[in-house]
Amino acid sequence: IDFHSPGRYTVHKPQADIPEPETWEAASFHLGQSTPLQRFSKPIEVRQHALAMLQQTKRCVCIFTTDLEPWLYHHSSVQQACTRLLLSHPRNQLRILVADPTRAIKEGHRLLQLARRLTSNVHIRKLNPDHPTTSGAYLIADDCGLLERPKADQYAGYALYRDLGRVRVRQAEFDKAWDHGLSDANLRSCLL
């Protein structure tokens, strides 16, 4: 069988004009230092406090969320802060407890990508529907920082950069829900 190429072709592939994602500014408070309770009610304020805590965490972050909240956690600034934390020491951890991961799995999420890359440091579990939990959403940074929204469908909440008592209560609640949490095959990677 003889094959003769009809010639060479050039393909014009224009550069995609995708703008760089806007970088987020972190709040100016310091994790571990006593500051008064910081109330917020706007998404930008939630993002600033969350980013400040994620950037300053030294050991462990625990996130209790309904659906991995893309408006808050699906951003390059959050991914960079988490990556820096996890790569700074082999024992550092990111634990995420999510009520319904369906949306994040279907649409993609930066923290899911991170979990698939750093499998020994990032752990994600699905909430057990038989185990009663609170209806809010929160982030625990190390053993002192807490960002909490009492109603997960609202932006209003507060940030505490040093409150060992409240963090201890939330951490115990998180650990109990974590122990009853379910692993979801869709959250694990299956790379070929």
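Worth saying up front: this structure is predicted, and the values here are computed from it rather than measured.
Aromatic rings of W178 and F64 (six-membered ring for Trp) have centroids beyond the 6.0 Å cut-off, not under it. Ring centroid separation for the pair F40 and H49 comes in under the 6.0 Å cut-off.
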Going through the checks in order, is the side chain to side chain contact (heavy atoms under 4.5 Å, CB included) test met by W24 and H75? CA-CA 9 Å; W24 288 355; H75 193 271; 3.3 Å; yes
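Enclosure of atom CD in E25 is not indicated, since only 12 or fewer non-hydrogen atoms of other residues, nucleotides or ligands lie within 6.0 angstrom. Enclosure of atom CZ in R117 by more than 12 non-hydrogen atoms of other residues, nucleotides or ligands within 6.0 angstrom is indicated.
Residues L112 and L68 have side chains in contact (heavy-atom distance under 4.5 Å, counting atoms from C-beta outward). Considering only heavy atoms from C-beta on, S183 stays 4.5 Å or farther from K126 through its side chain.
For the pair R166 and Y158, the distance from NZ or CZ to the six-membered ring centre is under 6.0 Å and the angle to the ring normal is within 45 degrees.
Residues satisfying the salt bridge (Lys or Arg N to Asp or Glu O under 4.0 Å) criterion with D143, sequence neighbours excluded, are R59. Annotation: side-chain hydrogen bond (donor to acceptor under 3.5 Å, both in side chains) contacts of T57 (sequence neighbours excluded): none.
Nearest heavy-atom pair across M53 and A159 is CE-CB, 4.0 Å.
Under the 30°/60° scheme for interplanar angles, the aromatic rings of H131 and H180 are found to lie parallel.
With respect to R170 and E173, a salt bridge is recorded, a charged nitrogen being found less than 4.0 Å from a carboxylate O.
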